[in-house]
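Presented below is the structure to which this report refers.
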Amino acid sequence: MKKKVLKLSLFSTLFLLLFIVVFVVVNLFDAPEPEGLFTIKDLNPATLDCHNGYFQVMAFTYPAKIDIRSKSVCKGIQVFSRPETLVQTSSRFQRLHKKHRDQSKELRIQTTKDAPKALFKLENHQDFAQLILNKASVSNGLEMNAVLIQRYTSLLNTSYVSDFSLPSISYPIPPLITIIKTGKLYTASIVISAIEGDWDTAVDKLLKQLQFFIKLHQNSRILIGKIAWQAISRTTLKALTFLMSRDECPRHLYASVLKRLPPLTEADISLKHAYIHEFLNGVQLIDDLLKSGDTPFQDIGVVSSFLPSTSDWLNFLIKFKIFLNRNRTIGFYLKETRKILNYENRPPYRWEQKLADLIPPDPTSGLFWWFSNPVGKALYAMSYGSYQNTIYKKYELKAIYDMVRLCAEYYMTQTADKSAKEVIQGLGNYKSLDPFSGKPYRFNLKKKRFYSIGTNLKDDSGIDQRGKRQQNLDIVIFCHFKKAPKYTENSETARQ
């Protein structure tokens with residue numbers, strides 16, 4: 001009996017040793033480096049000259065006493081924004097990097113307890129209508145956030161702005177939430193000033209704001225930044241729609257909106273550089289981990305305190321580095337980046353299949369996923385998500401932008417002797433195609449709205465996708481369809 005136990009133990013030990021040897025040998029040999037890798041040169045060019053307004057974006061929440069337009073602020077951010085600093089570990093670099101992070105935590109949007117939720121929502125017609133009933137809250141918000149508002153207006157007046165973010169997960173992200181909230185407060189104040197009679201100045205400010213953020217979107221590198229600039233652009237477009245629907249809106253402003261909002265181009269809304277930036281982030285993360293041996297994984301799910309979790313094993317394996325195959329892991333990133341770029345530059349109606357069906361399979365599924373490149377597979381699964389929603393948001397912005405132009409042309413063209421349907425079908429912008437259907441944008445005369453069929457690619461009769469418990473329905477722009485009175489110079493003078 002003892003001989004059998006000894007024999008079994010010996011056999012088990014030999015099998016375990018053989019398994020470990022095979023496990024190590026399999027991971028010793030990496031794949032060749034993939035061809036056609038993206039580099040930092042594939043990102044949009046950006047200057048680090050201090051006239052670049054992006055320094056103000058980065059320093060937006062610095063302490064109130066600091067002039068974020070100063071050269072000292074610019075030079076402090078320059079230190080960790082040059083490409084060569086991706087591999088820099090000097091104490092000065094680390095100190096300035098930390099100083100920037102600490103200073104960026106200083107300012108946040110302040111509100112009173114009675115401030116309406118609509119103030120920082122501004123997603124539909126009702127939200128803007130509530131502003132008129134809460135002018136005091138907007139006025140208080142402007143007073144409490146005077147420094148942020150001043151910085152925001154200064155940013156809008158910069159002549160050049162281009163994102164110089166480096167592809168590294170350690171590179172600081174601008175205070176996007178604060179900028180978005182400041183933009184909404186600024187937009188709310190503009191809407192109120194228009195209602196109080198300053199129409200020309202208000203519409204001019206909204207158009208300048210929109211033009212600025214479309215340009216910043218075009219010149220941005222980071223994906224989360226593009227999402228933020230899209231959000232401010234959507235809010236601005238909704239504000240324009242609300243003002244144009246008002247009876248007291250001067251007629252000449254419709255032509256101004258059309259003139260200053262030319263059709264969006266692919267370059268205006270492209271996400272190409274952002275996806276390449278995400279890819280380069282992944283590559284940089286892999287290289288950093290191979291150099292440092294840091295442990296990037298955290299516990300996932302409920303794990304017994306007496307047993308090591310999956311992340312514990314992965315953090316142990318990464319110390320040996322052979323279990324993170326650089327080229328194989330980069331290959332995962334590259335394949336998905338190329339696939340998403342192939343879909344990103346075409347509107348949804350031209351896709352061969354739904355983007356949701358192209359979500360990459362989880363490389364950490366299956367019984368023996370860990371046998372080859374376990375750390376690389378887990379890293380990819382953790383850090384490289386599916387980007388279909390960001391593409392949908394891009395085309396949602398285009399749809400809203402197109403429909404605002406449609407609505408402006410409708411208001412400018414409407415006459416008392418034609419029905420709303422006749423006027424709409426005769427509009428030059430009615431030829432614009434809904435990116436989700438490939439057909440002209442639809443309209444619902446009863447509900448007074450233009451709409452796109454949205455990401456579910458179905459006509460829901462103009463039900464807003466942001467309605468309560470409603471998801472992925474139609475993308476809606478309110479347009480007050482009505483017959484215009486007989487136009488005379490006196491009627492125009494009265495409206496103004």
Side-chain angles (χ1 to χ4, degrees), residues 43-86 88 90-110 120 141-142 144-187 208-209 212-213 215-233 273-274 277 281:
L43 297 175
N44 56 294
T47 178
L48 286 175
D49 291 341
C50 290
H51 74 278
N52 187 346
Y54 202 74
F55 286 103
Q56 295 180 49
V57 174
M58 292 288 291
F60 193 76
T61 53
Y62 274 20
K65 62 183 179 181
I66 295 178
D67 181 1
I68 63 172
R69 298 167 297 178
S70 66
K71 283 194 174 181
S72 60
V73 167
C74 168
K75 292 187 180 300
I77 296 173
Q78 281 177 344
V79 171
F80 55 82
S81 299
R82 302 186 189 280
E84 58 268 23
T85 62
L86 283 174
Q88 188 172 351
S90 69
S91 59
R92 180 170 180 266
F93 168 74
Q94 298 294 343
R95 177 170 51 81
L96 289 171
H97 199 285
K98 183 179 184 302
K99 180 181 178 183
H100 168 77
R101 289 182 181 277
D102 291 343
Q103 289 186 140
S104 295
K105 299 175 183 177
E106 289 290 326
L107 285 180
R108 293 292 182 270
I109 280 283
Q110 304 295 317
F120 296 110
L142 292 174
M144 294 172 67
N145 299 282
V147 172
L148 290 175
I149 290 294
Q150 184 275 326
R151 288 179 176 180
Y152 188 84
T153 53
S154 173
L155 178 62
L156 295 181
N157 289 322
T158 54
S159 58
Y160 173 79
V161 60
S162 189
D163 183 356
F164 46 69
S165 299
L166 294 179
S168 170
I169 60 171
S170 63
Y171 191 83
I173 295 173
L176 301 174
I177 298 298
T178 302
I179 295 175
I180 290 173
K181 287 185 175 181
T182 305
K184 291 197 173 188
L185 178 59
Y186 178 77
T187 301
K208 281 183 177 178
Q209 178 174 251
F212 176 85
F213 282 104
K215 180 56 95 175
L216 181 52
H217 185 282
Q218 184 179 3
N219 292 335
S220 285
R221 290 180 173 182
I222 58 173
L223 187 58
I224 193 171
K226 284 184 179 283
I227 293 170
W229 315 143
Q230 287 175 10
I232 298 176
S233 298
H273 292 128
H277 189 273
N281 267 346

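- Using modelled atom types, no side-chain atom of N52 and backbone atom of L48 make a donor-acceptor pair closer than 3.5 Å.
- Rounding to the nearest 0.5 Å places CD1 of I180 at 5.5 Å from CD1 of I232.
- The OG atom of S165 lies 13.5 Å from the NE2 atom of H273; values are rounded to the nearest 0.5 Å.
- The minimum heavy-atom distance linking A46 with S162 is given by the pair CB-OG, 3.6 Å.
- Considering only residues two or more places apart in sequence or on other chains, Q56 meets the side chain to side chain donor-acceptor pair (under 3.5 Å) condition with S154.
- In plain terms, the two heavy atoms of M58 and P175 that are nearest each other are O-CD, 3.9 Å.
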Review point. side-chain contact (heavy atoms from CB on, under 4.5 Å) between L142 and Y186: does it pass, once the steps are laid out?
Key: CA-CA 8 Å; L142 292 174; Y186 178 77; 6.0 Å; no
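- A donor-acceptor pair under 3.5 Å links the side-chain atoms of H277 to the main chain of L166, judged by distance alone.
- In this structure, CG on L155 lies 5.0 Å from OG1 on T158, to the nearest 0.5 angstrom.
- Using cut-offs of 30° and 60° for the angle between ring planes, the Y160 and H51 rings count as tilted.
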Practice item. Evaluate side-chain contact (heavy atoms from CB on, under 4.5 Å) for K208 paired with L156, printing each intermediate quantity in order. Key: CA-CA 8 Å; K208 281 183 177 178; L156 295 181; over 6 Å; no
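- Applying the side chain to side chain donor-acceptor pair (under 3.5 Å) criterion to S233, with sequence neighbours excluded, gives no partner residue.
- The line from CD1 of I179 to CG of L148 is 9.5 Å long, rounded to the nearest 0.5 Å.
- Applying the salt bridge (charged side-chain N to carboxylate O under 4.0 Å, His left out) rule to pairs touching residues 160-187 yields nothing, sequence neighbours excluded.
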**Study point:** Chi angles and distances behind the side-chain contact (heavy atoms from CB on, under 4.5 Å) call for R221, N44
**Key:** CA-CA 7 Å; R221 290 180 173 182; N44 56 294; 2.9 Å; yes
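- Qualifying side chain to side chain donor-acceptor pair (under 3.5 Å) partners for S220, counting only residues two or more places apart in sequence or in other chains: W229.
- Q230 CD to F213 CZ: the interatomic distance, rounded to the nearest 0.5 Å, is 12.5 Å.
- Atom CD1 of I224 sits about 7.0 Å away from atom CD1 of I222, to the nearest 0.5 Å.
- Scanning for ring pair (Phe, Tyr, Trp, His ring centres under 6.0 Å) contacts around F164 gives Y54, F55, with sequence neighbours left out.
- Nearest approach of A59 to I68, heavy atoms of both residues: O-CG2, 3.2 Å.
- Scanning for side chain to side chain donor-acceptor pair (under 3.5 Å) contacts around T178 gives an empty result, with sequence neighbours left out.
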